[in-house]
Number of protein chains: 2
Amino acid sequence: MKKEFRSLCPIASTLDILGDKWSLVLIRDMLVREKKTFKAFSASEEGIATGILASRLKLLESFGLITKRKLPDNKKENIYLLTEKGIDLAPVIIEVTLWGDKYMRKYNPELKAYEKLKTDKASIISTLQENYRQMVAKIIV
Amino acid sequence: MKKEFRSLCPIASTLDILGDKWSLVLIRDMLVREKKTFKAFSASEEGIATGILASRLKLLESFGLITKRKLPDNKKENIYLLTEKGIDLAPVIIEVTLWGDKYMRKYNPELKAYEKLKTDKASIISTLQENYRQMVAKIIV
DNA sequence: CCGGATCCGTTTCGATACTG
DNA sequence: CAGTATCGAAACGGATCCGG
């Protein structure tokens, strides 16, 4: 197993998308916290500047991880939604979260939920993804 | 489950370490490809500049993800090894790899190994980590 | 040679102000 | 409210240089 595996993991091209401070935060905001608007992202606790936010949303859209649309009944507000490609990043987000919980625990106030997350990883990921899909379905009719 | 989960995932602080183009590439090089020297990292297919490499290694060391040491029998060569904290990033690397395989497949020449990886994720991660620990044990005696 | 520091032009970031 | 404009600060990346 080991040898063949060494030539794998060509993650560099993937990190062109994920390898920055904001992309994963935005995707987590969408998937876990169900944020959808420029305003909501902008108000994120981590404090992203509007210029960076705009460029990051554009990048994510260009890579097909999110879509941008206006609702028919609301002309002024843009809605950003994850595509399946973006929703599929849930496992990455969960693993990063778990690692952060283990080694940067000072930033984490809620331990119980993490225990559950660790033991029930797969089902929680599926639930998270399914919930998001249903929310999207309700929005775009 | 959903509501309590929303306040979680404070990944921003974690992304101060992981959220850049090179950190995860270096950790993958160490863990999966067993690279250990400045020279080896420098020769990585992705082409990192020496200045960036030096600063990145220093950063990873300062966060306790890697250690730097000289072997007693070789005074000129520095050896960089992952700590447990770094080895524990294996799940993240695997998930990023799998996502990249699914959505950036043009960069991936070996599909069979990925199928195995997908179905056998947990055991492959353990094996990978255990192999690395044994290699480290052999080196530092 | 190897590890890594330094210099320098270019790119990107981040905060704030501003516009439709 | 959704972004763009601007500008100083920081980071990048390539090349080169230096000590052991």
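We name chains A, B, ... by the order of the sequence lines, and we start the count at 1 in each one. Quantities reported herein were computed from a predicted structural model and do not represent experimental measurements.
Distance B:Glu77 CD to C:dG3 C1': 10 Å, rounded to the nearest Å. Distance CD1 (B:Ile79) to P (C:dG4): 11 Å, rounded to an integer number of Å. Here the C1' atom of nucleotide C:dG4 and the CD atom of B:Glu61 are 13 Å apart, to the nearest Å. Across the protein-nucleic acid pair, A:Lys39 atom NZ and D:dG3 atom C1' stand 14 Å apart, rounded to whole Å. Spacing between atom NZ of A:Lys58 and atom C1' of D:dA2 amounts to 11 Å, rounded to whole angstrom units. Atom CG of B:Leu53 and atom C1' of C:dC2 are 12 Å apart (whole Å). Taking atom CG of residue A:Leu60 and atom P of nucleotide D:dG3, one finds them 14 Å apart after rounding to whole Å. Between the CZ atom of B:Phe38 and the C1' atom of C:dG3 there is a distance of 6 Å, given to the nearest Å.
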task = Could you walk me through whether B:Lys118 and B:Leu98 pass the side chain to side chain contact (heavy atoms under 4.5 Å, CB included) test, one step at a time?
result = CA-CA 7 Å; B:Lys118 211 182 320 181; B:Leu98 284 172; 4.2 Å; yes
task = Tell me, with the steps shown, if A:Lys70 and A:Lys76 meet side chain to side chain contact (heavy atoms under 4.5 Å, CB included).
result = CA-CA 8 Å; A:Lys70 284 186 199 301; A:Lys76 60 190 169 184; over 6 Å; no
key: side chain to side chain contact (heavy atoms under 4.5 Å, CB included) assessment of A:Lys121 paired with A:Ile94   = CA-CA 8 Å; A:Lys121 207 190 302 186; A:Ile94 296 302; 3.9 Å; yes
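Neither OP1 nor OP2 of C:dC2 sits under 4.0 Å from any side-chain N or O of B:Asn78. Phosphate proximity of D:dG3 to A:Lys70: absent, as no side-chain N or O sits under 4.0 Å from OP1 or OP2.
Between atom NZ of residue B:Lys39 and atom CG of residue B:Asn78 there is a gap of 14.0 Å, rounded to the nearest 0.5 Å.
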note = Once base and sugar-phosphate atoms are separated, protein heavy atoms under 4.0 Å mark nucleotides 6-20 of chain D, 5' to 3', with B, S and - as ------SBBB-----
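Ion pair A:Glu61/A:Lys58 not flagged as a salt bridge, since none of the NZ, NE, NH1 or NH2 atoms sits closer than 4.0 Å to an Asp/Glu carboxylate oxygen. Salt-bridge formation is detected for the pair B:Arg133/B:Glu84: a Lys NZ or Arg NE/NH1/NH2 atom is positioned less than 4.0 Å from an Asp or Glu carboxylate oxygen. Contact check on B:Asp20 versus A:Lys21 returns no salt bridge, with no Lys/Arg side-chain nitrogen under 4.0 Å from an Asp/Glu carboxylate oxygen.
Using a 4.0 Å heavy-atom criterion, one finds that A:Ser42 contacts no nucleic acid atom at all. Using a 4.0 Å heavy-atom distance criterion, B:Phe41 is classed as making no nucleic acid contact.
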